[in-house]
*Asks:* 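Take a look at this one; I'll ask things after.
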Amino acid sequence: MSKNLKLKAARAAKDLSQKQLAEAVGVTRQTIIAIENGDYNPTIRLCIDICLTLGLTLDQLFWEGEKNEQVPSG
Amino acid sequence: MNKSHLDERQLQKRNKVGNQTLLLVACLLLADLGLQDSGIQWLDYPLNNYFIFMVSIGSYVVRIIWIGSFTGPGNSRNALFGKKTLGAAVAILVAISTVALFLGNSSGTTAERMTDMWTLAGISVLVAVVILTVVVITRIRNNRD
(Lines give C-alpha, C1' and ligand atoms only; values in the text may rest on other atoms or scores of the structure.)
Protein backbone atom coordinates (compact mmCIF):
# COMPACT_ATOMS: atom_id res chain seq x y z
CA MET A 1 0.00 0.00 0.00
CA SER A 2 1.37 3.44 -0.89
CA LYS A 3 1.68 6.39 1.48
CA ASN A 4 -1.37 8.58 1.87
CA LEU A 5 0.23 11.96 1.21
CA LYS A 6 -3.16 13.56 0.54
CA LEU A 7 -4.22 12.92 4.12
CA LYS A 8 -0.91 14.22 5.42
CA ALA A 9 -1.21 17.39 3.34
CA ALA A 10 -4.85 17.96 4.34
CA ARG A 11 -3.98 17.54 8.01
CA ALA A 12 -1.08 19.98 7.70
CA ALA A 13 -3.31 22.46 5.86
CA LYS A 14 -5.73 22.42 8.79
CA ASP A 15 -2.76 22.88 11.13
CA LEU A 16 -3.58 19.70 13.01
CA SER A 17 -1.02 17.39 14.56
CA GLN A 18 -1.39 13.61 14.28
CA LYS A 19 -2.38 13.53 17.95
CA GLN A 20 -5.08 16.19 17.50
CA LEU A 21 -6.58 14.42 14.50
CA ALA A 22 -6.46 11.10 16.37
CA GLU A 23 -8.29 12.61 19.34
CA ALA A 24 -10.88 14.19 17.04
CA VAL A 25 -11.77 10.89 15.39
CA GLY A 26 -11.33 8.72 18.52
CA VAL A 27 -8.35 6.60 17.55
CA THR A 28 -4.74 6.36 18.70
CA ARG A 29 -1.93 8.44 17.18
CA GLN A 30 -0.34 5.20 16.00
CA THR A 31 -3.44 4.49 13.89
CA ILE A 32 -3.17 7.87 12.12
CA ILE A 33 0.57 7.27 11.55
CA ALA A 34 -0.20 3.82 10.12
CA ILE A 35 -2.84 5.24 7.74
CA GLU A 36 -0.52 8.03 6.54
CA ASN A 37 2.31 5.55 6.00
CA GLY A 38 0.03 3.16 4.13
CA ASP A 39 0.49 0.42 6.73
CA TYR A 40 -3.19 0.24 7.66
CA ASN A 41 -6.33 0.27 5.53
CA PRO A 42 -9.03 2.08 7.57
CA THR A 43 -12.70 1.10 7.58
CA ILE A 44 -15.21 3.27 5.75
CA ARG A 45 -16.51 4.50 9.13
CA LEU A 46 -13.09 5.85 10.13
CA CYS A 47 -12.53 7.31 6.65
CA ILE A 48 -15.81 9.25 6.97
CA ASP A 49 -14.86 10.51 10.45
CA ILE A 50 -11.50 11.73 9.12
CA CYS A 51 -13.18 13.40 6.13
CA LEU A 52 -15.71 15.17 8.37
CA THR A 53 -12.94 16.40 10.65
CA LEU A 54 -10.80 17.70 7.78
CA GLY A 55 -13.78 19.04 5.79
CA LEU A 56 -12.98 17.07 2.66
CA THR A 57 -14.63 14.25 0.73
CA LEU A 58 -13.68 10.57 0.56
CA ASP A 59 -12.57 11.07 -3.06
CA GLN A 60 -10.28 13.91 -2.14
CA LEU A 61 -8.57 12.00 0.65
CA PHE A 62 -8.70 8.31 -0.16
CA TRP A 63 -9.38 7.79 -3.86
CA GLU A 64 -6.36 6.65 -5.82
CA GLY A 65 -7.65 7.95 -9.16
CA GLU A 66 -4.82 7.33 -11.61
CA LYS A 67 -4.38 3.71 -10.61
CA ASN A 68 -8.02 2.61 -10.56
CA GLU A 69 -9.75 4.95 -12.99
CA GLN A 70 -11.24 3.26 -16.03
CA VAL A 71 -13.33 4.81 -18.78
CA PRO A 72 -16.66 2.91 -18.96
CA SER A 73 -17.16 1.39 -22.41
CA GLY A 74 -20.39 1.43 -24.37
CA MET B 1 -16.79 5.50 18.89
CA ASN B 2 -16.24 4.74 22.56
CA LYS B 3 -12.86 6.24 23.39
CA SER B 4 -12.19 3.97 26.37
CA HIS B 5 -12.07 0.91 24.12
CA LEU B 6 -9.48 -0.11 21.57
CA ASP B 7 -9.83 1.43 18.13
CA GLU B 8 -10.39 -0.66 14.97
CA ARG B 9 -6.68 -1.07 14.11
CA GLN B 10 -5.87 -2.06 17.69
CA LEU B 11 -8.67 -4.63 17.74
CA GLN B 12 -7.56 -6.08 14.40
CA LYS B 13 -3.94 -6.35 15.56
CA ARG B 14 -4.87 -7.80 18.95
CA ASN B 15 -7.11 -10.44 17.36
CA LYS B 16 -4.27 -11.44 15.03
CA VAL B 17 -1.81 -11.74 17.94
CA GLY B 18 -4.38 -13.70 19.97
CA ASN B 19 -4.88 -16.22 17.18
CA GLN B 20 -1.14 -16.65 16.73
CA THR B 21 -0.69 -17.11 20.49
CA LEU B 22 -3.33 -19.84 20.51
CA LEU B 23 -1.43 -21.66 17.77
CA LEU B 24 1.84 -21.16 19.67
CA VAL B 25 0.34 -22.73 22.83
CA ALA B 26 -0.99 -25.66 20.81
CA CYS B 27 2.38 -26.23 19.09
CA LEU B 28 4.36 -25.96 22.34
CA LEU B 29 2.03 -28.38 24.15
CA LEU B 30 2.23 -30.85 21.27
CA ALA B 31 6.04 -30.56 21.20
CA ASP B 32 6.11 -31.15 24.96
CA LEU B 33 3.91 -34.24 24.55
CA GLY B 34 6.14 -35.52 21.76
CA LEU B 35 9.30 -35.02 23.77
CA GLN B 36 7.84 -36.79 26.80
CA ASP B 37 6.70 -39.64 24.57
CA SER B 38 10.26 -39.98 23.29
CA GLY B 39 11.52 -40.21 26.85
CA ILE B 40 12.99 -36.72 27.02
CA GLN B 41 12.10 -34.95 30.26
CA TRP B 42 13.29 -31.39 29.57
CA LEU B 43 11.64 -29.98 32.71
CA ASP B 44 9.72 -31.67 35.55
CA TYR B 45 5.94 -31.43 35.69
CA PRO B 46 4.34 -28.90 36.39
CA LEU B 47 7.30 -26.65 35.60
CA ASN B 48 7.14 -27.56 31.91
CA ASN B 49 3.50 -26.46 31.70
CA TYR B 50 4.27 -23.33 33.67
CA PHE B 51 7.13 -22.50 31.30
CA ILE B 52 4.90 -23.00 28.22
CA PHE B 53 2.17 -20.89 29.83
CA MET B 54 4.56 -18.09 30.72
CA VAL B 55 6.22 -18.05 27.28
CA SER B 56 2.85 -17.91 25.50
CA ILE B 57 1.18 -15.33 27.73
CA GLY B 58 4.43 -13.36 28.00
CA SER B 59 4.80 -13.19 24.23
CA TYR B 60 1.13 -12.16 23.89
CA VAL B 61 1.51 -9.31 26.39
CA VAL B 62 4.84 -8.20 24.89
CA ARG B 63 3.45 -8.15 21.36
CA ILE B 64 0.23 -6.25 22.17
CA ILE B 65 2.25 -3.65 24.10
CA TRP B 66 4.73 -3.40 21.21
CA ILE B 67 2.03 -2.79 18.58
CA GLY B 68 0.18 -0.34 20.85
CA SER B 69 -2.92 -2.47 21.41
CA PHE B 70 -2.78 -2.68 25.20
CA THR B 71 -4.94 0.35 26.06
CA GLY B 72 -7.46 2.35 24.07
CA PRO B 73 -7.04 5.90 22.74
CA GLY B 74 -9.12 7.66 25.38
CA ASN B 75 -7.50 6.40 28.55
CA SER B 76 -6.41 9.24 30.80
CA ARG B 77 -3.19 9.03 32.80
CA ASN B 78 -5.16 8.31 36.02
CA ALA B 79 -7.15 5.50 34.43
CA LEU B 80 -3.96 4.04 32.96
CA PHE B 81 -2.27 4.13 36.36
CA GLY B 82 -5.26 2.38 37.93
CA LYS B 83 -5.25 -0.33 35.27
CA LYS B 84 -1.53 -0.90 35.64
CA THR B 85 -1.78 -1.10 39.43
CA LEU B 86 -4.67 -3.56 39.20
CA GLY B 87 -2.74 -5.62 36.64
CA ALA B 88 0.36 -5.71 38.84
CA ALA B 89 -1.72 -6.74 41.88
CA VAL B 90 -3.40 -9.57 39.96
CA ALA B 91 -0.03 -10.72 38.57
CA ILE B 92 1.51 -10.83 42.05
CA LEU B 93 -1.53 -12.74 43.37
CA VAL B 94 -1.29 -15.28 40.54
CA ALA B 95 2.47 -15.72 41.08
CA ILE B 96 2.04 -16.27 44.84
CA SER B 97 -0.85 -18.71 44.25
CA THR B 98 1.21 -20.66 41.68
CA VAL B 99 4.22 -20.97 43.99
CA ALA B 100 2.01 -21.94 46.95
CA LEU B 101 0.13 -24.53 44.88
CA PHE B 102 3.38 -25.92 43.53
CA LEU B 103 4.98 -26.23 46.97
CA GLY B 104 1.83 -27.80 48.40
CA ASN B 105 1.55 -30.45 45.67
CA SER B 106 5.17 -31.25 44.85
CA SER B 107 6.88 -34.29 46.27
CA GLY B 108 10.56 -34.95 46.87
CA THR B 109 13.13 -33.69 49.30
CA THR B 110 13.19 -30.15 50.60
CA ALA B 111 16.30 -29.40 48.53
CA GLU B 112 14.56 -30.55 45.31
CA ARG B 113 11.48 -28.51 46.13
CA MET B 114 13.61 -25.45 46.79
CA THR B 115 15.43 -25.94 43.46
CA ASP B 116 12.09 -26.19 41.65
CA MET B 117 10.82 -23.12 43.44
CA TRP B 118 13.87 -21.13 42.34
CA THR B 119 13.37 -22.32 38.75
CA LEU B 120 9.74 -21.20 38.95
CA ALA B 121 10.78 -17.83 40.33
CA GLY B 122 13.48 -17.52 37.66
CA ILE B 123 11.02 -18.09 34.81
CA SER B 124 8.59 -15.55 36.31
CA VAL B 125 11.29 -12.92 36.82
CA LEU B 126 12.64 -13.46 33.28
CA VAL B 127 9.19 -12.95 31.73
CA ALA B 128 8.56 -9.91 33.96
CA VAL B 129 11.89 -8.35 32.93
CA VAL B 130 11.13 -8.87 29.22
CA ILE B 131 7.66 -7.31 29.60
CA LEU B 132 9.00 -4.31 31.55
CA THR B 133 11.76 -3.77 28.97
CA VAL B 134 9.19 -3.73 26.18
CA VAL B 135 7.00 -1.27 28.13
CA VAL B 136 9.95 1.12 28.53
CA ILE B 137 11.09 0.81 24.88
CA THR B 138 7.52 1.32 23.64
CA ARG B 139 7.07 4.43 25.80
CA ILE B 140 10.30 5.92 24.43
CA ARG B 141 9.36 5.01 20.85
CA ASN B 142 5.83 6.45 21.13
CA ASN B 143 7.01 9.72 22.67
CA ARG B 144 9.41 10.34 19.80
CA ASP B 145 8.23 13.17 17.53
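Predicted model, so just to flag it, every value in this text is computed and none were measured. Order of the sequence lines sets the chain letters (A, B, ...), proteins ahead of strands, with each chain counted from 1.
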*Asks:* Just grab all the side chain to side chain donor-acceptor pair (under 3.5 Å) pairs involving residues 50-62 of chain B, residues at least two apart or on different chains.
*Replies:*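 For residues 50-62 of chain B: B:Y50-B:S124.
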*Asks:* Should we count NZ of A:K6 as having more than 12 external heavy atoms under 6.0 Å?
*Replies:*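 Yes, the 6.0 Å shell around NZ holds more than 12 heavy atoms from other groups.
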*Asks:* Indicate if B:V130 and B:F53 have the same hydrophobic cluster label, given that clusters are the connected sets of ILVMFWY residues with side-chain heavy-atom separations under 4.5 angstrom.
*Replies:* yes
*Asks:* Do B:M54 and B:V129 sit in one hydrophobic cluster, given that two such residues count as connected whenever their side-chain heavy atoms are within less than 4.5 Å of each other, even indirectly?
*Replies:* no
*Asks:* A:G26 and B:P73: which non-hydrogen atoms are nearest, and at how many Å?
*Replies:*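 Minimum heavy-atom contact is O-CG, 3.6 Å.
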*Asks:* Write down the atom of A:T28, the atom of B:G72, and the distance for their closest heavy-atom approach.
*Replies:* CG2-C, 4.4 Å
*Asks:* Is a side-chain N or O of A:Q30 found less than 3.5 angstrom from the main chain of B:I67, in a donor-acceptor match?
*Replies:*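 Answer holds: no.
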*Asks:* Give me the one residue out of B:K13, B:R9, B:E8 that meets side-chain hydrogen bond (donor to acceptor under 3.5 Å, both in side chains) with A:T31.
*Replies:* B:R9
